[in-house]
Amino acid sequence: MAKSFDDFKKEIDLVDFAVYHGYDIIRADGMKWPSLVHRETGDAIIINPDHRMYREKHNTDAGGNILRFIKDRADSIFGKFNTEKDPSKFYMLLNNVCYDYLNISPEKKKEISNYVPQDLKMKKAGERNFFSLDTLNVRPLDDSYYLIKQRMIDPKIIKDPLFAPKLVNQQVNFETGTTLTNTGFIYTTSILNNKAVGLEVRNSQFKSHSEGSDRSSGVGFSALNDNNVKNLIVGESFIDQMSYHQLHGLPTNVYASTGGQLTAEQLTAILNTPDELKKINKLDKEFKFTLAFDNDMSGHAYDFQFIRRLGSESSEPLAITRAYASTNINNNLSFLFYNTAKLEQIKPDLIGNLDKINALISKENSQADQFKIQSKINDQGDYKIEFPKNPKYMELFNNILVKTLKLENNLTIHKAIKSDFNDDLKSINGRKVELKKDGEVQLLDFSKLNKALKI
C-alpha cells in the first residue's frame with residue numbers, strides 16, 4: 001500500500017534516519033535534544049525529543065520535519081536519489097529517499113538500533129527528567145580549587161556579586177565510597193528570573209549539563225550589581241565569562257553563557273534583556289551587546305546568527321540562510337540573501353563593502369581568495385555570497401554585515417587572542433597554552449582588513 005507524506009512524517013524516526021545516512025551522534029551534547037554531525041559534509045543538526053522535528057545547529061531559523069530535511073539536502077547528502085532535477089517533481093525525491101529507508105533489511109535496522117544509545121531511546125519512549133537543583137546534591141560554592149588552580153580565576157572574580165550567587169558545588173557519590181566535587185553555574189530563562197532551569201557543570205575531566213537541564217531555552221545569566229548595565233557580554237560558557245571579566249571586565253558589564261551552542265530560544269531570551277533591564281531602571285542609555293564567542297568556526301557562526309537576528313528586528317527583516325552545495329562543500333561557505341525589501345535597501349552598501357574588501361585582498365595578495373557575489377541566481381531574484389570555509393573569512397563576513405546593517409551602535413564583536421578567553425587568561429598567568437590551529441595558513445593580514453571596515 002502506498003504511503004502518504006504524512007505517513008513518512010509519522011513512521012520515520014529522524015535520529016535513526018540520520019544515522020543511516022551518515023550522521024554521528026555527539027553524546028557530549030546530551031541525549032534530550034540529540035545532536036548529530038554528518039561525517040562527510042559536516043552538516044550539524046539538533047533533533048527534538050520526539051525525533052520528528054529538527055533544526056540546524058548553526059542556523060536556528062532552518063529546520064522542520066523529515067520532508068524539509070530531505071529537501072534542503074537534495075543536491076548533497078541525497079544527491080544520488082535526486083534523479084529528477086526539476087523542483088516541481090520534488091515528490092519523486094521524497095518517495096525515493098523515504099522508501100529506501102523503510103525497505104532496509106532487518107539486519108541493517110538492528111545495526112542502526114545498536115548504534116543509537118540506550119538512554120536516547122528511553123527519552124524517545126517518553127521518560128522525561130524534569131530539572132530540579134534539589135535532586136542534584138548542590139550547595140553554595142565552597143570548593144574553588146578547580147576555578148583557581150586549574151582555570152586561574154582570581155578569587156576576587158569568584159566572589160564578585162555578578163558570579164557568586166550563580167556558582168555552586170555539586171557532590172557526586174560513587175558506590176565505591178569515593179566522591180567527586182563538580183563546579184556548576186545556574187541557568188535561567190531570563191536575567192531577572194531566579195528559577196533554575198539548568199546547570200552547567202565542570203571538573204578537570206569533563207564539561208556537561210546536569211540531567212534534565214533545559215538546554216533549549218536556558219541561559220547562564222550573571223547576577224546584577226549596583227550599576228546600570230552598559231554591556232551584555234555573550235559567550236559560550238561561564239568559565240569564559242569569568243575569564244573575560246578578569247581580563248576586560250567593567251563594573252557596568254553583565255554576562256550571558258549559552259553552553260556551547262546558540263538556540264533560537266536562547267537568542268530571544270538574550271535579546272529581551274534590554275527591555276527587562278529598562279523596566280527596573282538598570283539600562284544604560286549607551287547599552288550594547290558584546291559577542292565574545294570562541295575564536296573558531298563555531299564561534300563565528302554564532303556571531304552570524306546574532307547579527308542576522310538583530311538585522312531582522314524591524315518591519316523590513318533581512319532573510320539570510322546558509323546555502324549547501326553538492327560541490328566544494330568542504331572548501332567554501334555560501335550564504336543566500338533572499339530578495340526582500342530589506343535586501344534592496346542594503347544592497348548598495350553590501351556590494352560596496354564587498355568590493356572594498358576584495359580590492360584590499362587583491363592589493364595585499366593577488367593569489368588569495370576573494371568574496372564572490374552572484375546576483376539574481378534564481379527566478380525569485382535572490383543573491384548568493386560565497387567565500388572560503390575559513391574562520392578568518394567568516395569573521396570578515398560578519399564584520400561586513402555589521403557595517404552594512406549599521407549595527408555598530410548596537411553590537412561589538414570581541415574575540416580572544418587564542419581559542420577562548422580562558423586560554424588567554426592562562427597564557428598571561430604563565431601557563432603554556434597551545435595555539436589553536438584552525439583553518440589553513442593565513443595569507444592575509446585580516447586585522448588590517450577588518451580595520452578597513454572601521455568596526
Side-chain angles (χ1 to χ4, degrees), residues 58-62 267 271 286-291 293 297 300-325 328 331-415 443-455:
H58 303 309
N59 180 6
T60 55
D61 292 341
L267 194 43
L271 290 173
E286 296 180 357
F287 175 87
K288 265 190 176 184
F289 294 102
T290 296
L291 305 185
F293 294 112
M297 203 66 198
H300 294 304
Y302 299 145
D303 291 339
F304 168 73
Q305 285 179 235
F306 209 101
I307 294 164
R308 179 183 57 188
R309 179 72 174 267
L310 271 184
S312 299
E313 298 281 298
S314 67
S315 58
E316 294 180 346
L318 176 66
I320 317 173
T321 189
R322 169 86 179 275
Y324 291 95
N328 294 325
N331 299 320
N332 292 292
L333 290 173
S334 296
F335 288 88
L336 194 66
F337 287 68
Y338 293 105
N339 186 18
T340 62
K342 184 71 171 182
L343 179 61
E344 285 298 315
Q345 178 185 326
I346 68 166
K347 195 164 34 178
D349 287 339
L350 177 64
I351 295 173
N353 286 326
L354 286 167
D355 288 344
K356 179 180 181 180
I357 290 301
N358 279 337
L360 290 171
I361 289 174
S362 179
K363 182 178 179 181
E364 189 169 340
N365 189 325
S366 60
Q367 302 301 312
D369 291 307
Q370 297 190 0
F371 288 86
K372 300 175 183 176
I373 184 166
Q374 300 176 42
S375 61
K376 299 180 180 178
I377 63 169
N378 51 33
D379 293 340
Q380 290 74 42
D382 300 334
Y383 277 61
K384 185 170 76 172
I385 294 176
E386 185 174 307
F387 52 89
K389 190 176 182 180
N390 178 299
K392 289 298 182 181
Y393 274 89
M394 188 70 198
E395 180 179 8
L396 192 55
F397 175 64
N398 285 333
N399 282 336
I400 288 171
L401 289 180
V402 171
K403 181 73 173 178
T404 299
L405 295 169
K406 298 178 171 55
L407 296 175
E408 300 98 317
N409 294 329
N410 307 97
L411 180 70
T412 299
I413 300 175
H414 190 176
K415 290 297 178 194
L443 304 174
L444 301 165
D445 185 346
F446 283 92
S447 62
K448 185 189 295 183
L449 294 172
N450 281 311
K451 191 175 181 180
L453 290 167
K454 296 181 180 179
I455 294 177

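Computed from a prediction, not measured in an experiment: that's the story for all the values here.
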**Study point:** Rounded distance (nearest 0.5 Å) linking atom CG of L333 with atom CG of N390
**Key:** 9.0 Å

Check your understanding: What do the steps show when you test F289 against L271 for side-chain contact (heavy atoms from CB on, under 4.5 Å), and what is the final call?
Key -> CA-CA 9 Å; F289 294 102; L271 290 173; 3.8 Å; yes

Revision key, fill the gap. Closest heavy-atom pair, Q305 versus L267, reported as atoms and distance to 0.1 Å, is O-CD2, 3.9 Å

Point to revise | Nearest-0.5 Å distance, CG of residue N339 to OG of residue S375 | key: 10.5 Å

Check your understanding: Can you tell me how far the CD atom of E386 sits from the CG atom of N332, to the nearest 0.5 Å?
Key -> 4.5 Å

Check your understanding: Do the rings of F387 and F397 sit parallel, tilted or perpendicular, given the 30° and 60° boundaries?
Key -> tilted

Check your understanding: Taking C-beta and beyond as the side chain, do N353 and N399 meet within less than 4.5 Å on heavy atoms?
Key -> no

Check your understanding: Below 6.0 angstrom between ring centroids: does that apply to Y383 and Y338?
Key -> no

Review point. Is there a side-chain contact between I357 and I400, using heavy atoms and a 4.5 Å cut-off?
Key: yes

Practice item. Check the pair F335 / F304 against ring pair (Phe, Tyr, Trp, His ring centres under 6.0 Å), numbers first and verdict last. Key: CA-CA 11 Å; F335 288 88; F304 168 73; 4.8 Å; yes

Review point. Sub-3.5 Å donor-acceptor pair from the side chain of D382 to the main-chain atoms of I377, do we have one?
Key: no

Point to revise | Under 3.5 Å: donor-acceptor pair, side chain of N398, backbone of H300 | key: yes

Practice item. May I have the step-by-step check of side-chain contact (heavy atoms from CB on, under 4.5 Å) for F293 and I413, ending in yes or no? Key: CA-CA 9 Å; F293 294 112; I413 300 175; over 6 Å; no

Point to revise | Non-hydrogen side-chain atoms of I320 and L336 separated by less than 4.5 Å | key: no

Review point. Going from CD on Q370 to CD1 on I361, what distance comes out if it is rounded to the nearest 0.5 angstrom?
Key: 6.0 Å

**Study point:** Heavy-atom closest contact (G311 atom, L405 atom, distance)
**Key:** CA-CD1, 4.1 Å

Point to revise | Closest heavy-atom pair and its distance - F337, L343 | key: O-CD2, 3.7 Å

Practice item. I would like to know whether N410 and F287 meet side-chain contact (heavy atoms from CB on, under 4.5 Å); could you show each step before the answer? Key: CA-CA 7 Å; N410 307 97; F287 175 87; over 6 Å; no

Revision key, fill the gap. Of all heavy-atom pairs linking S334 and K384, the shortest is CB-CD, 3.9 Å

**Study point:** Separation of K406 NZ from L411 CG (nearest 0.5 Å)
**Key:** 15.0 Å

Review point. Does a salt bridge link D303 with K415, judged by any charged N lying under 4.0 Å from a carboxylate O?
Key: yes

Exercise for review: Carefully, step by step, assess D349 and T404 under the rule side chain to side chain donor-acceptor pair (under 3.5 Å).
Suggested key: CA-CA 6 Å; D349 287 339; T404 299; over 6 Å; no

Review point. Looking at CD1 of I373 and CD1 of I351, how far apart are the two atoms once the value is rounded to the nearest 0.5 Å?
Key: 4.5 Å

